[in-house]
**Q** 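If you scroll down you'll find the structure; I have some questions about it.
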2 protein chains.
Amino acid sequence: MMDSKIATIQDVARVAGVSTATVSRTISKPDVVAKATREAVLSAVAETGYRVNTTASNLRRQRTGTVLVLLPNIANPFFSQILAGLASVLTPAEYSMLIADTQTGPDADQRLTHYLTSGQADGLVVLDGTLSPETLSGPLVPPAVLVCEWMGSTLPSVRVENARGAALAVNHLADLGHRKIGHVTGPPGNVLTETRRDGFCRALADRGLPVHDDWILEGDFTMDSGAAAARAWCHLEDRPTALFLSSDEMAIGCMGALQSRGIRVPEDVSIVGFDNIEIAQHLSPGLTTIRQPRTDIGVRAAEILMDMIASKTKDGQSEIITVHLIPRGSTGPAPE
Amino acid sequence: MMDSKIATIQDVARVAGVSTATVSRTISKPDVVAKATREAVLSAVAETGYRVNTTASNLRRQRTGTVLVLLPNIANPFFSQILAGLASVLTPAEYSMLIADTQTGPDADQRLTHYLTSGQADGLVVLDGTLSPETLSGPLVPPAVLVCEWMGSTLPSVRVENARGAALAVNHLADLGHRKIGHVTGPPGNVLTETRRDGFCRALADRGLPVHDDWILEGDFTMDSGAAAARAWCHLEDRPTALFLSSDEMAIGCMGALQSRGIRVPEDVSIVGFDNIEIAQHLSPGLTTIRQPRTDIGVRAAEILMDMIASKTKDGQSEIITVHLIPRGSTGPAPE
DNA sequence: CTGAAAGCGCTAACAT
DNA sequence: ATGTTAGCGCTTTCAG
């Protein structure tokens, strides 16, 4: 009570008049100790204010109690909801999240390998689609779940129907009468970029619509690149009447830039994004987009990882998360 | 090489032909070992692929290597940049961030006390202005830095010029000729809410402008509450010609809702936000706002905390971060 | 059902 | 400058 030092298991054992082993058992498997002893121990715990020292427990149990989350950029709000989903599963399971930014700062690759091989984590959640899959092989790397598409990787993953999402966007626009549909991609080399673009092109073909290379503009998921795409669109001779952008952030940047130039959305051009970030519904007009349930994504990834850790395997299930079209005011009938 | 088990300090000692103590020294204070031994040890480290086991090191050194970050809601993108700033200092200092959501889930208060008293962290960064200061007193609570205003607390803090920011907004609007200026606040009880509202009222008084209770609307920092404020504004008999909202998110929600109703910004009403979140410049019109350098905030908080931990004190410096007005298209001359 | 004892891997006195 | 030694606080056989 008076002491400012935290109580140890020894203190509890002394107060309860039992051995430290019994205290430990009472806490981790209460049912194997006799009722009377258990009560004595629990009241000693309460009296001393004892809390297990996680560090010591982890050392003894040869685990770290940590899950490493690899993401490209902490400051990107896109990930925060996935993190919330992860946390909602990890925290109750007594794991803490160690968040590592894979892009910020120099020698990212080296830091990464350091993390992976340093035995700092019992498991891995990878949110960065640009990482090379080889990085994640090797005997010292803990069980990992990918939260992104990844060509040729057999690791368990939680993925989103990216191609189908793109097709939903195209079909929605085609249903509105658009025949000239453009696309703004993510950064080259990113798997999301590829799968969404492929889905886009295939859907166009399925609808018998032209795939026009000039109408496929390169972006990088940021608002700035969306604004740049808007400028590029203005300079096109033959302009598409609708644009599908590979992220809401780009769509917002694009829509803002268009509106600033007096181009009306959706009267002059229809806009579809991807993600359904919160702000999409608060813009004017509201942004038509493809909804990804980001919290669910985090939850499922964490659940799969917990299963893998519990069963001491590097293999786990994979899961595809369904996407939906959310129609709003930024899309309308094709002009003319 | 062949073994899938990670090497320990013993393995390195054996390979290098020295004691474990020497290996430990070579790694933590290289200058106290002889050059020859150091080289032998380092090559043994390379050969074995040794990495220090942080858990064991922490246990022995009676520290946790962890800084606990308390925030109201992980999913709120507002905090992600502060986190990035924190991480940029903490990671090189060999501390990892444990992020705890203080609002999500039940018994938040209890979980919090649990965290604080469980000795899980060497330091604390508090981003949640609604926490009760008493929670952070007590002998078992580690050194803490507050990143928010907090009445009557003497803990070290990194704060923003909230009152001055509000005054900047008011003066900007008054300079544009507005005499009827309204305000949308944050949630009641929040310190940001209070200080910004007070700054707002004082600035109005300083300019000889009326403080009209009907023109002070309650929000909660979310876009939804901004949209609600827009609806409330529409129902006012005597409408202010300008609104200062206590967060960009509210300003965005408000502006979107106004525009959807055909009300023009800034011709019919001028809008000023607070934060300068990234999207502010991509809206149409761009959002006039008060810039808070969020990454810097995180950096300074982490630096102060590292100092406190290093010098084993619970007292540290405090710092006020300067804010700036960023004028954009959402503000214009008063109508008439 | 409970206790004794042996470490997990590391660091920091203390010796030499 | 280096080695010896004693734990940090906990969990887990292994006996009883």
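Quick note: numbers below take in every heavy atom, side chains included, and nothing from hydrogens, waters or symmetry partners.
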**Q** Within the structure shown, what part of the strands sits under 4.0 Å from R51(A) by heavy-atom distance: base, sugar-phosphate, or nothing?
**A**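 Sugar-phosphate, backbone atoms only, no base.
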**Q** When you measure from the side-chain N and O atoms of Q62(A) to the phosphate of dT12(D), is any distance below 4.0 Å, counting only OP1 and OP2?
**A** no
**Q** Given atom CG of N53(B) and atom C1' of dC8(C), what is their separation to the nearest angstrom?
**A**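 In whole Å, dC8(C) C1' and N53(B) CG are 8 Å from each other.
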**Q** Between dT13(D) atom C1' and K29(A) atom NZ, what is the distance in whole Å?
**A** 10 Å
**Q** Rounded to the nearest Å, what distance is computed from the CG atom of residue L59(B) to the C1' atom of nucleotide dG7(D)?
**A**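 The answer, rounded to whole Å, is 9 Å.
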**Q** To the nearest Å, give me how far apart CZ (R61(A)) and P (dT13(D)) are.
**A**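 Nearest whole value for this atom pair: 12 Å.
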**Q** Write down the distance between CD1 (I27(A)) and P (dT12(D)), rounded to a whole number of angstrom.
**A**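 One finds 13 Å between P of dT12(D) and CD1 of I27(A), rounded.
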**Q** For the pair S28(B) (side chain) and S24(B) (backbone), establish whether a donor and an acceptor sit closer than 3.5 Å, ignoring hydrogens and angles.
**A** yes
**Q** Report the nucleotide, chosen from dC10(D), dT12(D), dA12(C), that has the shortest atom-to-atom distance to any side-chain atom of V52(A).
**A** dC10(D)
**Q** Give every pair of a protein N or O atom and an N or O atom of nucleotides 3-7 of chain C that lie under 3.5 Å apart, one pair per line with the distance.
**A**
{"from": "dG3(C)", "atom 1": "OP2", "to": "S19(A)", "atom 2": "N", "distance (Å)": "3.0"}
{"from": "dG3(C)", "atom 1": "OP2", "to": "S19(A)", "atom 2": "OG", "distance (Å)": "3.3"}
{"from": "dG3(C)", "atom 1": "OP2", "to": "T22(A)", "atom 2": "OG1", "distance (Å)": "2.7"}
{"from": "dG3(C)", "atom 1": "N7", "to": "R25(A)", "atom 2": "NH2", "distance (Å)": "3.2"}
{"from": "dG3(C)", "atom 1": "O6", "to": "R25(A)", "atom 2": "NH2", "distance (Å)": "2.4"}
{"from": "dG7(C)", "atom 1": "N2", "to": "R60(A)", "atom 2": "NH1", "distance (Å)": "3.3"}

**Q** Tell me whether S157(A) contacts the main-chain N or O of R159(A) through its side chain, where contact means a donor paired with an acceptor under 3.5 Å.
**A**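 Pair absent, no side-chain N/O of S157(A) close to backbone of R159(A).
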**Q** Between N190(A) and P187(A) (side chain of the first, backbone of the second, donor and acceptor by atom type, cut-off under 3.5 Å), is there such a pair?
**A** no
**Q** Expressed in angstrom and rounded to an integer, what is the separation of R63(A) atom CZ from dG9(C) atom C1'?
**A**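 Between C1' of dG9(C) and CZ of R63(A): 17 Å.
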**Q** Quickly work out the I9(A) CD1 to dT12(D) P distance and round it to whole Å.
**A** 11 Å
**Q** Does the side chain of Q120(A) pick up a donor-acceptor pair with the side chain of T54(B) at under 3.5 Å?
**A** yes
**Q** Between R38(A) and T55(B), which is nearer to the 5' end of DNA chain C once each is assigned its nearest nucleotide?
**A**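 Counting from the 5' end, the first nearest nucleotide belongs to R38(A).
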**Q** Distance alone, cut at 3.5 Å: any donor-acceptor contact between the side chains of T55(A) and N58(B)?
**A**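 No.
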**Q** Side chain of A56(B): nearest nucleotide among dG9(D), dT2(C), dC10(C)?
**A**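 Nearest to the side chain of A56(B) among the choices is dC10(C).
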**Q** How far does CG of L146(A) sit from CG of L124(A), to the nearest 0.5 angstrom?
**A**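 Reported to 0.5 Å precision, the distance equals 8.5 Å.
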**Q** Are Q10(A) and dC10(D) close enough that a side-chain N or O sits under 4.0 Å from OP1 or OP2?
**A** no
**Q** Do any N or O atoms from the side chain of D11(A) and from the backbone of T8(A) form a donor-acceptor pair under 3.5 angstrom?
**A**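 Pair found, side chain donor or acceptor close to backbone of T8(A).
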